[in-house]
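Numbered from 1 within each chain, the chains take letters A, B, ... in sequence-line order. Side-chain atoms are counted along with the backbone in the values below, which use heavy atoms only and exclude waters and symmetry mates.
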2 protein chains.
Amino acid sequence: MSDTKHRRQGLGEPAERDLDQRKATILQAVVSRYIGTAQPVGSQQIAGAAGVSSATVRAEMAALEGDGYLTQPHTSAGRIPTDKGYRFFVDHLARPGVLGQAQRQQVSQFFDQVHGEMEEMLERASGLLADLTSYAAVVVGPGHESAEVRSVQLVGLEPRVALLVVVLADGAVEKRTVDLGEDTPDAVLDGAAAALQSQFCGHALSTLAPIAQTGDPSCDRVLARVEDVLARRGEDDQYDHVFVGGPSHLALAFDAVETVRGVLGILEQEMVVVNLLREVLGRGLSVAIGTEHGYEPLASCAVVVAPVSVEGYEGGAVGILGPTRMNYPEALAAATLVSDGISERLAGLPVVGGSASRSDLHRPRSGAGAKGTNAQATTSSRMRVKGGRGRARG
Amino acid sequence: MSDTKHRRQGLGEPAERDLDQRKATILQAVVSRYIGTAQPVGSQQIAGAAGVSSATVRAEMAALEGDGYLTQPHTSAGRIPTDKGYRFFVDHLARPGVLGQAQRQQVSQFFDQVHGEMEEMLERASGLLADLTSYAAVVVGPGHESAEVRSVQLVGLEPRVALLVVVLADGAVEKRTVDLGEDTPDAVLDGAAAALQSQFCGHALSTLAPIAQTGDPSCDRVLARVEDVLARRGEDDQYDHVFVGGPSHLALAFDAVETVRGVLGILEQEMVVVNLLREVLGRGLSVAIGTEHGYEPLASCAVVVAPVSVEGYEGGAVGILGPTRMNYPEALAAATLVSDGISERLAGLPVVGGSASRSDLHRPRSGAGAKGTNAQATTSSRMRVKGGRGRARG
DNA sequence: ATTGGCAGTCGGTAGACTTGACTGCCAGAC
DNA sequence: GTCTGGCAGTCAAGTCTACCGACTGCCAAT
């Protein structure tokens, strides 16, 4: 339903077909004022701006209410926008937002100065985005499914426990404890590690299903354990990279304490947050208003999402979560700015300090291409899995 | 267990010296009722329970107010406890709390079923603790300063960028990007890694200051870079292991939205949270009420802290953050239960699955001893650095 | 020392009333 | 036809009053 409207824009129909010019102007005025003041907007307030009398505005407002764009909290109160009203505003009326000079500088300064590991950068970026907008922000890092394995290591921690450490080309490190079942000398671990190394290096972690046997029974036993462990990965790993910034802003964004409680509760569930962002992005929406995303507890929220793309494919997202009467233009501008910054930064990672050398220079084009398609597949299958609980992971 | 209580009692002074028996009873009744109802408590409400008339209670209440244990929101209202009142309650009046059967089972079930990496366990434990108490919970994992290094590795990511990966005996993996400055072949990296490995393995990461040179200039250049990177560690790393659970509970814990906003804002700053817990633990307090901890924005909060000890030294903590009128006995019981569970679990880590083998069996006693002293030193120096204000309470 | 009684204080609630900001409708002007 | 001004009606919110109820503090009696 919501996609429908979004699609319409592409069909070449003028935006004013659904709503004549004056209605659109009035709707825009109502939404703008309501976003600013959080108070119902009366006909007199916008009579001047619209260039017509309040009576005319009233008539138009009544029509808009009839069409579902506006509503009244009670008779004899002004109008407030419905979700549909916000939707129309975002799709057709909102002028591209511009951040203030100070804010833009804050962003560029952030990305100039930021350094260190990706996780830390993403975390701080979520804080930045929250600061910029005064709403809660969510940053999801790109998954590592498509990154090449650079190193595989098995480190013995205890006689029968080892740690599998995988280093990926993007600088990520995945670790997993492996219960070996019986005491295993380091030599065997080293042998197994060498076998793993030769099989995994240069490939994406997700493309490897079976581990080839070596012939050495004790070594193969270890490899089997490793395979078990790797098979169990997936699910949880996707949610390792969620960073929520500035949830405290939400305390002031809603008047009902219960709403605050509910929304914060949702934000605590990283899994839900990630799926929410993915769904919104997956529908080609960058804004989900009210119930458009289908999460009941967030019915009074709007979500603005911008993709983070690295090397052409989308691997992550930044999102802004606020009340439906959020400042959409500003939020969209902020989300875009930050997501662009992150994308750029990630393309330059992993480099410490300032001078970012494009990693393309170091990686074969073909490799990047393969990554791209792979990531696409992974992403869309994720979507499918999420929605219908379709096939178990193969 | 509140050390303060024990200390006071240890002095041989009866707890009733500060407050006679009846005042104590009345104070206890007021605190208990206020914790339950959040409403000011009048003299009649507790006249029956105290076995005296309301007039007598009033007189005693007036005395308690004069001594600073109670206060009135306004004339003609009942009394509510002051921070001092809560403090006396916690130290002398609170009966050791007992969690309900269901809750105890929830905890034991959690620790029976929990598996996987330490971080995940701690994170979920914070959620558990929040669920148990309906307040916000904080879990800080033990630092890795004292853990033996098991493996050091340098993985080339790009020609002039490598990733330093250090695996510790407790299963933790630290990674750090190293800007090599110039293109460096893998052979050199391997050589440097071997040198690092031989120097670091078996020692705690924190005990190593200078890295010995090898004689090979290109290798030493890499080592110098690594040393730089290691020198910059510290500070930030301590805050990697903070897990905040159930902050949404705070939305309902305070009536003023501004307070909620402020407290949530504090919780977002991991650094502050960690220092808060450390200070509270460092003072020998397990409960900090109101302004006792010195963080103004948390003046309307109380913090319950229990240490997480592994192999005898304290390496982490669990905390509960709630309003000053929190249920202290229950919170103390829950914090203790969960911290014990974590301690036990950590002693058994890193083991996947259920059967936890005490790691003592695998590690030399001497090593554990060295760890202990080392950790002590690190911990206390931390305290000194942070607090700066000797022992205010004691 | 304790108690019951009594006066005083003050927040909270309920009701009546007013105010103000709306809307909807309609008749008249353009 | 469309737009406008005017008018009546509606309703939330604010004000004022009165009153109730839950307190406390004080005091005299036990």
Side-chain angles (χ1 to χ4, degrees), chain A residues 16 19-82 85 254-256 325, chain B residues 16 19-82 85 255-257 325:
Chain A
E16 290 73 21
L19 242 41
D20 66 42
Q21 181 60 48
R22 197 170 60 188
K23 283 195 181 61
T25 308
I26 288 173
L27 178 57
Q28 172 166 35
V30 171
V31 174
S32 301
R33 288 187 101 93
Y34 186 69
I35 284 174
T37 65
Q39 295 298 322
V41 180
S43 56
Q44 294 191 31
Q45 290 181 42
I46 51 180
V52 291
S53 79
S54 66
T56 310
V57 174
R58 280 199 289 280
E60 297 286 39
M61 279 175 152
L64 283 168
E65 183 168 3
D67 291 345
Y69 293 99
L70 296 178
T71 189
Q72 285 180 286
H74 56 82
T75 339
S76 90
R79 286 348 198 265
I80 62 178
T82 61
F254 303 96
D255 32 1
R325 56 149 225 291
Chain B
E16 290 74 20
L19 239 42
D20 67 43
Q21 182 61 48
R22 196 170 61 188
K23 282 197 180 60
T25 307
I26 288 174
L27 179 57
Q28 172 166 33
V30 172
V31 174
S32 301
R33 287 188 101 94
Y34 186 69
I35 284 175
T37 65
Q39 295 298 321
V41 181
S43 55
Q44 294 190 29
Q45 290 182 42
I46 50 180
V52 292
S53 78
S54 66
T56 309
V57 174
R58 279 199 290 279
E60 298 285 40
M61 278 177 154
L64 283 169
E65 183 168 3
D67 290 344
Y69 293 99
L70 295 178
T71 189
Q72 285 180 287
H74 56 82
T75 339
S76 90
R79 282 356 195 259
I80 62 177
T82 61
D255 33 359
V257 205
R325 57 148 224 291

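Separating the CD1 atom of B/Ile26 from the P atom of C/dT2 is a distance of 10 Å, rounded to the nearest angstrom. Between A/Gln39 atom CD and C/dG20 atom P the separation is 17 Å, expressed in whole Å. Following rounding to the nearest Å, A/Arg22 (CZ) and D/dG1 (C1') show an atom-to-atom distance of 12 Å. The CG-P distance, from B/Leu70 to D/dC23, rounds to 14 Å in whole Å. Atom CD of B/Gln45 and atom C1' of D/dT24 are 14 Å apart (whole Å). What separates CD1 of B/Ile46 from P of D/dT24 is a distance of 9 Å, to the nearest Å. A straight line from CD of B/Glu60 to P of D/dC23 spans 18 Å, rounded to a whole angstrom. Taking atom CG of B/Asp20 as the reference point, atom P of C/dA1 lies 11 Å away to the nearest angstrom.
Atoms CD and CZ, on A/Glu65 and A/Arg58 in that order, are 14.0 Å from each other to the nearest 0.5 Å. Interatomic distance, CZ of B/Arg33 versus CZ of B/Arg79, reported as 15.5 Å (0.5 Å rounding). Rounding to the nearest 0.5 angstrom, the gap separating the OG1 atom in B/Thr37 from the CD atom in B/Gln45 is 7.0 Å. Considering CG of A/Leu70 and CD of A/Glu60, their distance stands at 11.0 Å, rounded to 0.5 Å. Residue B/Thr71 holds its OG1 atom at 11.0 Å from NE2 of B/His74, rounded to the nearest 0.5 Å.
The side chain of B/Ser43 places an N or O atom within less than 4.0 Å of a non-bridging phosphate oxygen (OP1 or OP2) of D/dT24. Of the side-chain N and O atoms in A/Thr56, one or more sit less than 4.0 angstrom from OP1 or OP2 of D/dT4. Residue A/Gln44 has no polar side-chain atom (N or O) positioned under 4.0 Å from OP1 or OP2 of C/dG20.
Within the 3.5 Å criterion, the main-chain N or O of A/Arg22 finds a donor-acceptor partner in the side chain of A/Asp20. With hydrogens and angles disregarded, a donor-acceptor distance shorter than 3.5 Å links the side chain of B/Gln72 to the backbone of B/Ala77. The backbone N or O of A/Gly68 sits less than 3.5 Å from a side-chain atom of A/Thr82, completing a donor-acceptor pair.
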Please write out each protein N/O paired with an N/O of nucleotides 13-18 of chain C under 3.5 Å, distance rounded to 0.1 Å.
none

Is there any protein nitrogen or oxygen under 3.5 Å from a nitrogen or oxygen in nucleotides 24-27 of chain C, and what are the pairs?
residue: C/dG24; atom: OP1; partner: A/Arg79; partner atom: NH2; Å: 3.0
residue: C/dG24; atom: N7; partner: A/Arg58; partner atom: NE; Å: 3.3
residue: C/dG24; atom: O6; partner: A/Arg58; partner atom: NH2; Å: 3.2

Which atom pairs link the protein and nucleotides 7-10 of chain C when you take only N or O atoms and keep those under 3.5 Å?
residue: C/dT9; atom: O2; partner: B/Ser76; partner atom: OG; Å: 3.3
residue: C/dC10; atom: O4'; partner: B/Ser76; partner atom: OG; Å: 3.1
residue: C/dC10; atom: O2; partner: B/Ser76; partner atom: OG; Å: 3.2

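No option in A/Leu27, A/Ile46, A/Thr56 other than A/Ile46 meets the side-chain contact (heavy atoms from CB on, under 4.5 Å) test with A/Met61.
Closest approach of A/Val57 and A/Ala47 over heavy atoms only: CG2-CA, 3.9 Å. Taking every heavy atom of both residues into account, A/Gly78 and A/Pro73 meet most closely at O-CD, 3.4 Å.
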